[in-house]
Amino acid sequence: MLVELKNTTKKLCVIGDPVLHSKSPLIHNAMIKALGLDYLYLCQPVKAGETARWLEAAKAADYAGFNATMPHKEALLPLMDELDEDARLCRSVNTVCIREGKAYGYNTDGQGFLRALLDHGVDPAGRRVVVLGAGGAAKAVALKLSQRGAASVTVCNRTAEKAAALCTQDPAGRLEPAGFDRAVLRALCARGDLLVNCTSLGMAGTAGQFEDLSFLEALPAGTPVCDLIYHPAETALLVRARALGHPAVNGLGMLLHQAVLALERFTGRTIDAPAMTALLTPLLTG
């Protein structure tokens with residue numbers, strides 16, 4: 001992609017370790033070009049423990065902002081001058097805007113997930129949701145589901161203490177922890193209205209796979225199944241869910257929507273999300 005660089009061009013980037021595999025530069029530079037913005041989005045490896053040093057460097061280098069992935073999301077939290085509600089609730093920052101030397105922290109993951117669900121006609125309000133996993137992505141998703149008004153959100157994790165710790169962060173008290181064994185998953189799915197996989201099981205390049213997908217058979221007919229993984233586009237979980245007649249949604253929509261939300265924070269302008277997702281989807285699936 002050809003990018004025009006001028007002396008007035010504002011710099012953005014994504015930081016992480018590892019981060020060179022990130023699709024964020026492709027996504028953001030495509031949006032920047034389509035919108036005619038004077039920005040450039042880069043990729044910057046930053047090792048664990050170097051978060052504060054990077055923030056000061058970004059300020060000194062006059063960056064307009066940056067996105068953050070592991071291992072920096074939680075480390076950024078105490079370094080921010082101000083936090084938005086989602087970052088404060090999740091205790092995690094994935095978007096930082098730098099204005100007049102101050103750092104403003106946001107978290108666009110949960111809202112990006114919600115927008116992607118709504119794009120597929122799935123509103124979690126009033127639903128009994130089963131969330132698989134208790135990591136950073138699961139936290140953003142589960143808290144946003146509760147915020148939207150889900151009837152209940154059960155967080156399933158192999159480490160019970162981690163699921164319980166996540167659930168204590170919900171001010172509405174709709175989150176409850178559970179295990180990850182076959183019997184528990186079947187019982188929960190039998191009374192669930194929405195299933196969301198927030199684990200890395202089934203992700204390309206990793207060895208982990210679901211040992212048993214029979215819990216999907218317990219889901220009521222027509223229950224949507226969502227997987228935050230977008231590579232591959234069809235995980236074994238989604239393939240089996242479709243075969244059983246369930247609507248299946250992968251993580252591409254969340255990826256795109258959280259990027260749109262981040263660019264809105266960086267630029268201070270409202271962006272046509274449907275137009276951007278239509279523009280970007282072929283770039284990431286072609």
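Sequence positions, counted from 1, serve as the residue numbers for this chain.
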task = In sequence, state the C-alpha distance, the side-chain angles, and the governing distance for Leu228 and Val196, and then conclude on side-chain contact (heavy atoms from CB on, under 4.5 Å).
result = CA-CA 8 Å; Leu228 298 196; Val196 185; 4.2 Å; yes
message = Set out, in order, the CA-CA distance, both residues' side-chain angles and the distance that settles side-chain contact (heavy atoms from CB on, under 4.5 Å) for Leu256 and Met276, then state yes or no.
response = CA-CA 8 Å; Leu256 299 182; Met276 287 301 102; over 6 Å; no
task = With side-chain contact (heavy atoms from CB on, under 4.5 Å) as the test, would you mind laying out the steps for Thr267 and Ile32 before giving the verdict?
result = CA-CA 10 Å; Thr267 63; Ile32 287 166; over 6 Å; no
note = Hits for side chain to side chain donor-acceptor pair (under 3.5 Å) against Arg186, two or more places apart or cross-chain, chain-then-number order -> none
message = What verdict does the salt bridge (charged side-chain N to carboxylate O under 4.0 Å, His left out) test give for Lys59 and Glu56, after you've listed the backbone C-alpha separation in whole Å, the side-chain angles of each residue and the deciding distance to 0.1 Å?
response = CA-CA 5 Å; Lys59 289 178 180 179; Glu56 291 309 308; 3.7 Å; yes
query = CD1 of Ile271 to CD of Glu264: how many Å apart, nearest 0.5 Å?
reply = 5.0 Å
request  = Tell me whether Leu195 is reachable from Val184 by hopping between hydrophobic residues (I, L, V, M, F, W, Y) whose side-chain heavy atoms are closer than 4.5 Å.
outcome  = yes
query = Do the side chains of Met254 and Tyr230 join up, straight or via other hydrophobic residues, at under 4.5 Å, putting them in one cluster?
reply = no
query = How close do Pro282 and Ala278 get, heavy atom to heavy atom, and via which atoms?
reply = CD-O, 3.1 Å
ask   = Got a donor-acceptor contact below 3.5 angstrom from the Lys11 side chain to the Ala61 backbone?
value = yes
ask   = Any side-chain heavy atom of Val155 within less than 4.5 Å of one from Pro177?
value = no
query = Aromatic rings Trp54 and Tyr63: how do their planes relate, parallel, tilted or perpendicular, breaks at 30° and 60°?
reply = perpendicular
ask   = Thr159: what forms a side chain to side chain donor-acceptor pair (under 3.5 Å) with it, not counting sequence neighbours?
value = none
remark   = The reported gap from CD in Glu82 to SG in Cys97 (rounded to nearest 0.5 angstrom) is 11.5 Å
query = Tyr106, Leu83: one ILVMFWY side-chain cluster at the under-4.5 Å cut-off?
reply = no
note = On a heavy-atom basis, the closest approach of Ala134 and Asn157 is N-OD1, 3.4 Å
task = Verify the cluster assignment for Met31 and Leu37: are they in a single hydrophobic cluster under the rule of side-chain heavy atoms below 4.5 Å apart?
result = yes
query = Hey, what do you get for SG (Cys90) to CD (Glu85), rounding to the nearest 0.5 Å?
reply = 10.0 Å
message = So Phe113 and Leu145, do their side chains get closer than 4.5 Å, heavy atoms only?
response = yes
ask   = Looking at side-chain heavy atoms only, is the closest gap between Leu55 and Met80 below 4.5 Å?
value = yes
task = Quick one: which residue pairs count as a side chain to side chain donor-acceptor pair (under 3.5 Å) with a foot in residues 167-179, not counting sequence neighbours?
result = Ser146-Asp170, Thr154-Glu176
note = Value for CG (Leu143) from SG (Cys167), rounded to nearest 0.5 Å, stands at 9.0 Å
ask   = Are Val131 and Leu175 side-chain neighbours, meaning at least one heavy-atom pair lies under 4.5 Å?
value = no
request  = Sequence neighbours left out, what pairs pass side chain to side chain donor-acceptor pair (under 3.5 Å) with at least one residue falling in residues 120-136?
outcome  = Asp123-Arg148, Arg128-Asp193
message = Test your reading of the model: is there a side-chain donor-acceptor pair from Arg91 to the backbone of Leu77, 3.5 Å cut-off?
response = no
ask   = Is the backbone N or O of Thr108 less than 3.5 Å from a side-chain atom of Gln258, with the two atoms forming a donor-acceptor pair by type?
value = no
If you look only at distance, which donor and acceptor atoms sit under 3.5 Å apart when one is on a side chain in residues 15-26 and the other is two or more places apart or in another chain?
unit_1, atom_1, unit_2, atom_2, d
Ser22, OG, Ser24, N, 3.0
Ser22, OG, Ser24, OG, 3.3

message = Contact between Val249 and Pro224 at the side-chain level, heavy atoms closer than 4.5 Å - yes or no?
response = no
message = With a 4.5 Å cut-off on side-chain heavy-atom distances among I, L, V, M, F, W and Y, is there a chain of contacts connecting Leu132 to Leu114?
response = no
key: Atom pair CD1 (Ile98) and CZ (Phe266), whose distance is rounded to the nearest 0.5 Å   = 9.0 Å
Derivation of the salt bridge (charged side-chain N to carboxylate O under 4.0 Å, His left out) call for Arg53 and Glu50 = CA-CA 5 Å; Arg53 185 180 176 190; Glu50 296 291 321; 3.3 Å; yes
task = Only one of Thr95, Asp109, Asn67, Asn107 passes side chain to side chain donor-acceptor pair (under 3.5 Å) with Lys73; say which it is.
result = Asp109
4.5 Å side-chain heavy-atom contact, Lys144 and Gln111 = yes
ask   = Shortest non-hydrogen contact from Leu79 to Ala103?
value = O-CB, 4.5 Å
ask   = What are the two closest non-hydrogen atoms of Val130 and Cys189, and how far apart are they?
value = CG2-N, 4.5 Å
request  = Could you check if a side-chain atom of Leu238 sits within less than 4.5 angstrom of a side-chain atom of Val225, using non-hydrogen atoms only?
outcome  = yes
Pi-cation contact, Tyr104 with Arg265 (under 6.0 Å, within 45°) = no
key: Least distance between heavy atoms, Gly105 atom then Val93 atom   = CA-CG1, 3.9 Å
request  = With rounding to the nearest 0.5 Å, note down the distance linking CG in Leu40 to CG in Asn29.
outcome  = 5.5 Å
request  = Among residues two or more places apart or on two chains, list those pairs meeting side chain to side chain donor-acceptor pair (under 3.5 Å) that have a residue in residues 208-227.
outcome  = Arg182-Asp212, Asn197-Asp227, Asp212-Ser214, Glu217-Arg240, Asp227-Thr235
message = Less than 4.5 Å apart, side chain to side chain, heavy atoms only: is that true for Phe210 and Leu216?
response = no
request  = Check the pair Leu255 / Ile27 against side-chain contact (heavy atoms from CB on, under 4.5 Å), numbers first and verdict last.
outcome  = CA-CA 9 Å; Leu255 175 71; Ile27 292 169; 3.8 Å; yes
request  = For Ala190 and Pro220, work out which heavy atoms get closest and say how close.
outcome  = O-CG, 3.6 Å
